[in-house]
Asks: 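Take a look at the following structure, please.
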Amino acid sequence: MSEKEKTKGGKGLSFSQEGIVFLLTLALFVAFSIILPNFLTSGNVIALMRSVSILGMLALGMSLVVIGRGVDLTMVATLVVGVVWAVKLTNDGMPFGEALFYGGLLVSAFGLIVGLIVAFAEIPPIFTTLAMAPVIFGIGNPFLFKQDTHNAPRNVEWLGDLGFGATLGIPNTILVFGLVALVIHLILRYTRFGRSIYAMGDNPLAARMTGLPLRPIIVSQYIMTALVAYLVGLVILASNSGINSRLAYTTLVYDVLLVVVLGGIGLSGGRGGVRNVIVGTLFVGTLLSGMTILNLSLTAQNLIKSVVMMLALIADTLVNPRDEQTSQQGDI
Amino acid sequence: MSATDTLVRLRYRFLPDHMVGEILSKRWTDNAIPFTALVLTLAIFGNINPGMFSAFGLYDLAGQISEFGLLAIALTLVMISGGIDLSIGSVFALCALTVLTALNVYGLPLPVAVLLTLAVGAFCGAINGVLIGYMRLRAFLTTLVTLVMFRSIYEMILPKVATDIVLGMPDSVVWDNLGFSSFLGLPYAFYIAAVIAIVWHIVLSRSRPGWHIAAVGGARRSAHNAGINVRLVICLTYVFCGMMVAAAAILFAARLTSVGTDTGLGMEISVLTAVILGGTTLGGGRGSVAKALIGSVIVLIMTNGLLQMGVIGTVSALILGVVLLLAVWLDVRWVKNRQKLIDSSYVSPAYIQLKDEDTNTSVYTENDKLRNVETIGLGQVEGPEDVAVDRHGNVYSGSRHGEIHRWLAPDFKEHEIFAHIGGGTFGMNFDKDDNLVVCVGGMGLYMVTPEREVVKLTDETNRSWTSVIDDSRIQLADDLDIAPDGRVFFSEASIRYTVHDWPVDMIESRGNGRIICYDPRDGSTKTVLRNRIFPNGIVCLPDGESLLFNETWACRVCRYWFDGPNKGKVEVVLDGLPGYPDNINRASDGNYWVCLVGMRGPALDLAMTRPSFRRRMTRRVAPANWIYPNINTGCIIKITAEGEVLESIWDKGGVNHPMVTSCKEHEGHLYIGGVSNNRVGRWKIEGADPTWSSPVDYWGPKS
């Protein structure tokens with residue numbers, strides 16, 4: 001099966017969902033370039049990349065758990081609570097580095113709890129993280145901080161560089177995205193831990209019987225995802241010079257999930273990698289950017305986004321049909 | 001009997017430990033955890049906030065529950081079939097908008113508006129259903145996308161009609177009553193919702209479409225292979241889900257008469273929470289209306305209670321989240337361990353002190369009289385538990401494969417399948433009109449006419465009020481005989497175990513069996529005698545008012561009077577048999593043939609007086625290593641109706657006829673069946689009347 005898929009991938013991208021989405025992205029890109037005069041300027045392309053790098057990084061973190069047949073809907077809540085708390089500690093007089101360290105500990109603890117619940121209490125991850133998101137935000141909002149908006153500490157130079165600086169003409173935000181992508185790619189492809197995630201996503205029972213430490217892997221997955229989310233929070237803080245805790249109320253996490261799935265990482269696990277996330281990110285980024293330039297209302301943007309996503313899902317199903325004999329039980 | 005023995009005997013006689021496992025194995029105990037959570041929630045929030053149980057509090061709660069409960073049932077439908085619908089919040093908003101626009105803006109009559117709204121709900125559901133059911137898209141993602149889609153449409157339409165909705169006034173009394181009037185202290189909406197809920201409960205638990213939904217969710221591939229139209233079923237669950245959401249939206253619109261930008265926002269999360277909290281499994285196969293309602297009430301009471309206590313939004317969400325995770329954790333444990341709990345507590349051995357064997361008599365001395373038995377149909381039949389011989393001398397036997405075999409007289413070389421019944425066939429006898437009445441394991445009492453037509457006589461008897469498990473279905477009919485007036489008396493060996501688990505019933509040796517009477521004159525079936533220890537063979541006595549029956553694990557023969565002055569009396573005729581009696585049948589000299597399927601052993605006899613030992617054995621030792629009765633060696637004995645043993649016939653080597661479970665005498669020969677044999681035996685009886693046949697003797701010569 002995997003051998004067959006490899007040859008399939010080698011022939012070209014056209015027969016996988018990834019390929020379809022990539023072609024759609026190209027088509028959109030060309031269409032926008034022709035219709036919109038401002039679209040193909042290097043400034044706009046870089047702005048596009050910057051705006052989607054946050055979505056992309058979150059999607060990278062999400063892909064770690066999705067490949068292992070999990071899902072993490074707590075990412076945005078974790079990000080908000082961790083970063084806002086660190087900023088508040090700094091504003092209360094703690095050095096920023098130390099505050100960041102404590103924030104990191106906090107988000108690791110959140111990841112640990114989620115992982116423990118999924119791994120040991122055996123509650124389905126979708127439900128665990130659905131329930132944990134308000135729990136995490138509820139711990140944050142009245143107990144760790146009370147305000148909505150928090151400004152970034154002014155005297156931290158590297159934070160400004162991260163948000164607005166550029167290296168060799170490429171914005172640092174995009175570089176961080178690339179770095180995260182590279183690290184996660186290396187982890188997934190070349191470490192025992194990464195291969196274990198694939199094995200687990202493919203068939204958890206078989207992985208367990210083979211002797212893989214399933215539960216520790218699950219727990220570390222969620223801790224890693226929480227840390228990636230924390231890093232994204234830092235980037236948001238840097239590029240907006242502040243952070244608003246109401247971010248946790250948005251549907252950002254669903255956009256992240258859609259990026260992951262559109263790129264071709266199935267929710268049933270065991271498939272896909274960093275390349276899929278990048279393709280998904282580019283697609284959503286191109287679409288958003290074009291619609292912003294077209295000055296469509298948010299509602300209309302949502303409608304178009306959803307229709308395009310539905311078309312992508314349908315195309316995937318037509319190309320890779322599933323039937324009663326092959327579909328997995330409990331695969332929703 | 002020592003004092004401790006007496007204590008043990010009394011303890012096992014009067015403490016009903018078998019009920020623990022029986023209660024656990026009831027389907028409704030599946031709701032134990034959610035139900036406990038519901039009671040706890042009611043207790044805690046009722047204490048904190050006494051206003052909840054006031055007339056107004058109940059009225060308010062009932063109104064909310066009718067909408068929320070309908071939504072929960074809608075999602076449950078989809079989730080039982082193995083899907084999920086995240087778009088219900090958007091569909092809800094769209095439907096509420098539709099009904100209000102139809103009534104307030106366009107002034108349509110109420111029935112038209114309601115139908116239109118249901119159609120909108122069904123259409124939205126059909127989009128999901130076609131995409132997920134027929135095009136096989138993934139439910140979670142698809143409905144996540146349609147959630148955004150329907151919401152966008154709602155937000156585009158809403159500003160255009162918002163003012164007209166507020167200004168318009170529908171002139172429908174029914175509509176006003178629906179929203180604001182009450183009946184017996186509860187809003188009308190509550191009664192509507194209750195009727196819908198009951199209908200769905202019946203559909204899901206007691207109808208073919210409902211079972212199809214559960215089958216698809218429980219094992220999609222098996223459902224497909226079993227011939228269920230999986231795609232249609234999945235598609236329809238979404239359509240009905242959409243219609244239910246529309247119904248909830250109508251009730252909501254009637255109550256609030258307006259919609260806003262936040263209508264239905266985030267609703268899918270709270271409904272999903274309620275459904276999962278009630279114990280419906282994500283991924284399909286398990287769920288019910290009751291679960292949905294329990295979950296809805298818990299979620300509503302908690303959110304309302306926290307709101308009234310002035311807890312700020314984020315903290316109340318935190319508390320809800322923690323409680324949810326705890327409840328689901330408990331439920332996951334419960335689902336995982338319930339079957340283990342049932343397995344370890346269902347077998348509940350009882351105390352039984354078997355009477356010592358009679359050692360003064362030499363009648364049981366082993367011999368080789370049975371060695372020269374002829375075989376009929378060697379290799380043609382598997383497991384003939386019982387045999388029968390008709391007036392013409394043809395031999396019939398049952399089989400493990402659910403067929404009735406026939407060998408034609410006089411040489412029994414010609415073999416045919418007389419009839420196919422479909423279940424393991426046990427006891428069989430001819431009635432007055434030469435119909436072959438048969439006990440079929442797992443199916444009940446059947447009859448095969450001489451024209452080979454298979455007729456079901458009965459498979460159900462009256463349910464006893466004190467039994468926890470439903471004992472109305474006949475699952476282990478074992479042997480039968482027919483009284484002169486035509487009534488069929490048959491034994492059901494055990495109501496707690498099916499055919500395959502008969503050895504476990506032996507370990508238990510509780511009075512699990514019963515004798516049932518089927519009356520062909522009015523077609524009624526009635527249990528006449530309960531709590532017998534594996535009642536097996538039955539034979540009616542010529543007096544027309546009593547019968548003999550064997551209690552296998554009690555090693556005794558009893559007599560029961562079903563008519564006459566002694567009606568209802570049971571008397572032990574012969575106790576302390578050296579083996580386990582199976583069937584009993586008439587002999588030509590007025591006595592009775594009893595087959596002993598296996599012989600007793602001292603270890604098992606001792607174990608029978610140590611119920612706690614046997615219980616420990618069933619819990620700690622694999623079933624293959626339990627101590628079981630020996631059913632390899634048996635013999636045939638002849639007894640009088642008063643219980644005197646006249647002779648015994650053995651085959652020590654078991655060469656020609658390995659085991660005996662039944663025998664019927666006909667024209668000087670004994671025809672022998674054995675439940676693990678591959679043949680029927682025929683043995684010449686020394687000195688027997690060569691013209692005697694059971695049907696002629698019992699029913700008289702055929703005119």
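Letters A, B, ... mirror the listed sequences (proteins, then strands); counts begin at 1.
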Asks: Would you check if B:Asp30 and B:Trp334 make a side-chain contact, meaning some heavy-atom pair closer than 4.5 Å?
Replies: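 When only atoms from C-beta onward are counted, B:Trp334 and B:Asp30 do touch, with a gap below 4.5 Å.
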Asks: Check each of A:Leu73, A:Thr78, A:Thr74 against A:Met132 using the side chain to side chain contact (heavy atoms under 4.5 Å, CB included) test, and report the only one that passes.
Replies: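 The passing option is A:Thr74.
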Asks: Testing the basics here: between A:Ser63 and A:Val277, what is the closest heavy-atom pair and its distance to 0.1 Å?
Replies: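 Here A:Ser63 and A:Val277 meet closest at CB-CG2, 3.7 Å.
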Asks: Atom CG of A:Asp72 and atom CZ of A:Phe110: how far apart are they, to the nearest 0.5 Å?
Replies: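 Answer rounded to 0.5 Å: 12.5 Å.
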Asks: With a 4.5 angstrom heavy-atom cut-off, which part of B:Val332 approaches chain A: side chain, backbone, both or neither?
Replies: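 Only the side chain of B:Val332 comes within 4.5 Å of chain A.
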Asks: Using a 4.5 Å cut-off on heavy atoms from C-beta on, say whether the side chain of B:Leu272 contacts that of B:Ile84.
Replies: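 The answer is yes, as the side chains (C-beta and beyond) meet within the 4.5 Å cut-off.
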Asks: With rounding to the nearest 0.5 angstrom, report the CG to CG distance, A:Leu79 to A:Leu252.
Replies: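 Reported to 0.5 Å precision, the distance equals 8.0 Å.
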Asks: Taking every heavy-atom pair that is under 4.5 Å apart, which of A:Ile314, A:Ile304, A:Leu257 has the most such pairs with chain B?
Replies: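 When all of A:Ile314, A:Ile304, A:Leu257 are compared, A:Ile314 has the most.
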Asks: Using heavy-atom distances under 4.5 Å, tell me whether A:Ile117 contacts chain B through its side chain, its backbone, both, or neither.
Replies: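 Only the side chain of A:Ile117 comes within 4.5 Å of chain B.
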Asks: Is chain A contacted by the side chain of B:Ile132, its backbone, both, or neither, given a heavy-atom distance below 4.5 Å?
Replies: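 Neither part.
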Asks: Tell me, for A:Ala300 versus chain B, whether the close heavy atoms (under 4.5 Å) come from the side chain, the backbone, both or neither.
Replies: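 Contact with chain B is through both the backbone and side chain of A:Ala300.
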Asks: Is chain B contacted by the side chain of A:Leu298, its backbone, both, or neither, given a heavy-atom distance below 4.5 Å?
Replies: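 When you check distances to chain B, no heavy atom of A:Leu298 falls under 4.5 Å.
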Asks: Might you work through the salt bridge (Lys or Arg N to Asp or Glu O under 4.0 Å) test for A:Asp202 and A:Arg69, ending with a clear yes or no?
Replies: CA-CA 8 Å; A:Asp202 234 4; A:Arg69 208 183 274 189; over 6 Å; no
Asks: So what's closer than 4.5 Å to chain B heavy atoms on A:Val261: side chain, backbone, both or neither?
Replies: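 Contact with chain B is through the side chain of A:Val261 alone.
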Asks: How about residues 149-158 of chain B versus chain A: which residues have heavy atoms under 4.5 Å apart?
Replies: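 Interface residues of residues 149-158 of chain B: B:Met149, B:Ser152, B:Ile153, B:Glu155, B:Met156.
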Asks: Please name the residue in the list B:Asp85, B:Ile276, B:Thr237 that meets the side chain to side chain contact (heavy atoms under 4.5 Å, CB included) test with B:Met79.
Replies: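 Result: among B:Asp85, B:Ile276, B:Thr237, B:Ile276 is the only option passing the side chain to side chain contact (heavy atoms under 4.5 Å, CB included) with B:Met79.
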Asks: Is the shortest side-chain heavy-atom distance between B:Ser87 and B:Asn128 below 4.5 Å?
Replies: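 Result yes, sub-4.5 Å side-chain heavy-atom pair found.
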